[in-house]
Amino acid sequence: DVVYELDKDGRFTYVSTVITRILGYSQEELLGTPYSVIVPSAQLNLARHCFNDRRTGTRASRQIELDLIRKPSPDSPSPARIRIELSAKGLYDSERRYRGALGILRDVSQHRRQEATIHHLEHQLQETDRLFSLSQRLSTLSEHLQDPHHAIRTHAQLLIQSIRES
């Protein structure tokens, strides 16, 4: 998990070293930088109310999912998105003046990929079960058709034999 603190203007004043593993940025690169640098523009409204949350206690943001932008690297020049879960609360001084926000970021991208894989495998299993059930019904139908087929064949042979004899 990444622990971070923002000032009242939404700039990082602290970010734990785990940020480098998750987003590729060093602590030094993010200190003094607005949180909006790592949030896709389409999610800025959601992030504004969560990342830099002014609420405290039970009203504070808890386990809100959004994407963050990973720093481009030589291996991956286009910025990748990392799915995170964010919890944050407002920080106030002794005179109840807003000073910023304290939050925790958790990388849930691997978890989401695993959920998608599980969902896909469950769907495949259901389809396999459906096809197996269908094959069982066809097998039963085939067995039931063998008796009439055998009777027709026997009668046809008797008919042919009686025609030959006449």
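Count residues from 1 along the sequence. Values reported hereafter were calculated over all heavy atoms of this structure, with side chains retained and with hydrogens, waters and symmetry mates removed. Everything numeric here is computed off the predicted structure, so don't read it as measured data.
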Hey, are the side chains of [X] and [Y] touching, using non-hydrogen atoms and a 4.5 Å cut-off?
X	Y	answer
Arg137	Thr140	no
Ile22	Leu105	no
Leu31	Glu28	no

Under 3.5 Å donor-acceptor, [X] side chain and [Y] backbone:
X	Y	answer
Glu29	Ser26	yes
Asp9	Arg11	no
Ser87	Ile104	no
Gln43	Asp67	yes

Please determine whether the number of non-hydrogen atoms from other residues, nucleotides or ligands lying under 6.0 Å from atom [atom1] of [X] exceeds 12.
X	atom1	value
Arg153	CZ	no
Arg70	CZ	yes
Lys71	NZ	yes

* For side-chain contact (heavy atoms from CB on, under 4.5 Å), just list the numbers for Ile163 and Leu159, CA-CA rounded to whole Å, side-chain angles, deciding distance to a tenth of an Å, and then say yes or no. => CA-CA 6 Å; Ile163 291 174; Leu159 184 59; 4.2 Å; yes
First locate atom [atom1] of [X], then atom [atom2] of [Y], and finally report the distance between them rounded to the nearest 0.5 Å.
X	Y	atom1	atom2	result
Arg83	Leu68	CZ	CG	9.5 Å
Ile38	Leu66	CD1	CG	9.0 Å
Glu143	Leu141	CD	CG	10.0 Å
Gln157	Ser162	CD	OG	12.0 Å
Tyr98	Asp93	OH	CG	12.0 Å
Leu30	Leu6	CG	CG	10.5 Å

* According to a 4.5 Å side-chain heavy-atom criterion applied to Ile, Leu, Val, Met, Phe, Trp and Tyr, with indirect links allowed, do Leu23 and Leu46 form part of one hydrophobic cluster? ->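 Linked within one cluster.
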* Say whether Val2 and Ile69 are linked into one hydrophobic cluster, either directly or through other cluster members, by side-chain heavy-atom distances under 4.5 angstrom. =>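 As far as the 4.5 Å side-chain criterion goes, Ile69 and Val2 are not connected within one cluster.
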At their closest point, which heavy atom of [X] faces which heavy atom of [Y], and how far apart are they?
X	Y	value
Tyr25	Ile19	O-CG2, 3.5 Å
Ala88	Tyr4	CB-OH, 3.4 Å
Val39	Tyr35	CG2-O, 3.5 Å
Thr17	Gln27	CG2-OE1, 3.3 Å
Arg81	Pro40	NH2-CB, 3.3 Å

* Should Val3 and Leu102 be marked as a side-chain contact (heavy atoms from CB on, under 4.5 Å) after you check the CA-CA gap, both sets of side-chain angles, and the distance that decides it? -> CA-CA 8 Å; Val3 176; Leu102 178 66; 4.2 Å; yes
* Asked: Given the rule in the side-chain contact (heavy atoms from CB on, under 4.5 Å) test, do Gln124 and His120 qualify, once you have shown the distances and angles that lead to the verdict?
  -> CA-CA 6 Å; Gln124 282 184 323; His120 176 72; 3.4 Å; yes
* To do: Kindly give the cluster partners of Leu134, where membership spreads through any ILVMFWY side chain lying under 4.5 Å from a current member.
  =>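 Leu134 clusters with Leu138.
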